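Please read all numbers here as calculations on a predicted model, not as lab measurements.
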Amino acid sequence: MIKQNKGKARAAASVSIVATAVAAALILGGCDKLPGGKSADGTAASARSPTDMAKVGAYTEGFNKLVGTYGLVETADDYAKADISRQSAQDPIIVSAGWIEQAQDALKSARAMPGGSKAVDQAADTLIADLDKVLARLRPLKVYYDSKAYRDDGLARGKAEDPLMKAEFQTALTDMDAFSEALKAERNKHLAVELAALKARGDLLAYNSKLALQQSESLVDLFKSPEDLSDPATLAKGDAIVAQLETTLADQRKAYAEAKAKTGGQIGPTRQIAADQLTSMIGNYRDLKHSRSVEDFNMMQRNYNSAVELLNLPQPIAR
């Protein structure tokens, strides 16, 4: 899964719906071959090569840094909240470069790997170029604000560069959405194989955990603009997904209890905690149905992303 981050209704560098579903944090891990060498969609499992999967995983790690704590979305949002155009040279102003550079380095490393999808590589090239522009302006501005040089020039440079910085953030955010679309499409090809393989070998704990995340991603994906929060057709689709998700989570809890009993309690609680996060996400969805508020959507997203992060941790194998 990918960490959620779409928000096509996002204004300049401000995020109202911070991360709708184009960007969920993909669950890392390989795709297993099914008996007979066929994938869930009938294609040869070998078509999902280890090289391609490694590149998807590397892109995913970079992308997760970009949409995670101190990443592009949070840094752009914090910059917008600084409200430079309304500040004076006497005001305390803080501008952060976040951890964008670390995410950028990870994306560049992934891009240099062999194999992979041309569509994902092309989207990555565009995003990487955008991030180069963001950092080229943002890093010197951080020095300008940290050193309080803006007090000497009456904030002239800061105000002159403010619309340019916001425009560069917005371009990067828009192209990050396109990258996440391409990455998600590529990951879904592998995920179908992986889910089928897990089910075929009877690893129902891992199967239901990943299926629950896939269904949860579909739920968050429904909300692409603030208007969707009160759209009856969108909410009807959400109700249908929630019904499926609650069944999957019930199966996941049963599989966890069986795996725990089978291993004498040696299996870790990570998957169960992740399931609890998704249960809370369902609660947030039901709150959203009554409130129609962006805040409840953002709580959905946070709980979803927490579950993704948990399931990206190394998992013990239930046998």
* Structure fact -> Heavy atoms of Leu213 and Ala307 approach each other most closely as CD2-CB, 4.0 Å
* Asked: Looking at Ser180 and Asp177, what are the two nearest heavy atoms and their distance?
  -> OG-O, 2.8 Å
* Nearest-0.5 Å distance, CG of residue Leu164 to CZ of residue Phe169 -> 12.5 Å
* To the nearest 0.5 Å, how far apart are CG in Asp146 and CG in Leu141? -> 10.5 Å
For [X], what residues pass the salt bridge (charged side-chain N to carboxylate O under 4.0 Å, His left out) criterion, not counting sequence neighbours?
X	value
Asp162	Lys166
Asp231	none
Glu295	none
Glu258	none

* To do: Scan side-chain atoms only and decide if Ser88 and Asp91 contain a donor-acceptor pair under the 3.5 Å cut-off.
  => yes
* Asked: Using a distance-only test with no angle check, is there a side-chain donor-acceptor pair under 3.5 angstrom linking Thr126 and Asp175?
  -> no
* Which pairs, with at least one residue in residues 119-138 and sequence neighbours excluded, count as a ring pair (Phe, Tyr, Trp, His ring centres under 6.0 Å)? -> none
* Structure fact -> The side chain to side chain donor-acceptor pair (under 3.5 Å) partners of Lys65 (sequence neighbours excluded) come to none
* **Charged N-O contact under 4.0 Å between Lys81 and Glu74** => no
* Asked: Between Lys189 and Glu186, does at least one N-O distance fall below 4.0 Å, as a salt bridge requires?
  -> yes
* To do: For the pair Gln277 and Gln272, evaluate side-chain contact (heavy atoms from CB on, under 4.5 Å) and give the outcome as yes or no after the intermediate values.
  => CA-CA 9 Å; Gln277 294 286 346; Gln272 193 54 47; over 6 Å; no
Any pair with a residue in [range] that passes salt bridge (Lys or Arg N to Asp or Glu O under 4.0 Å), sequence neighbours left out, goes on the list, sorted by first then second residue, please.
range	answer
residues 148-157	Arg157-Glu161
residues 93-110	Glu101-Arg139, Lys108-Asp132
residues 274-287	Glu246-Arg286

* **Qualifying residue for side-chain contact (heavy atoms from CB on, under 4.5 Å) with Arg111, from Ile128, Leu127, Val120** => Ile128
* Asked: In the hydrophobic cluster built from side-chain contacts under 4.5 Å, what are the other members alongside Trp99?
  -> Tyr70
* Other than Met113, which residues form its hydrophobic cluster under the rule that side-chain heavy atoms must be closer than 4.5 Å? -> none
Backbone N/O of [Y] and side chain of [X]: donor-acceptor pair under 3.5 Å:
X	Y	answer
Gln252	Arg271	yes
Gln87	Ala82	yes
Tyr285	Asp239	yes
Asn305	Arg302	no
Tyr144	Gly158	yes
Thr75	Leu72	no

* **Trace of the side chain to side chain donor-acceptor pair (under 3.5 Å) decision for Ser280 with Asn303** => CA-CA 7 Å; Ser280 295; Asn303 278 313; 4.8 Å; no
* Partner residues of Ala212 under the side chain to side chain contact (heavy atoms under 4.5 Å, CB included) criterion, sequence neighbours left out -> Leu245, Thr248, Leu249, Leu278
* Neighbour count above 12 (heavy atom, 6.0 Å) for Lys133 NZ -> no
* Should the ring pair Tyr59 and Phe179 be called parallel, tilted or perpendicular, given that the plane angle runs from 0 to 90° and is split at 30 and 60? -> perpendicular
* **Linked, directly or transitively: Met299 and Val220 (ILVMFWY side chains, under 4.5 Å)** => no
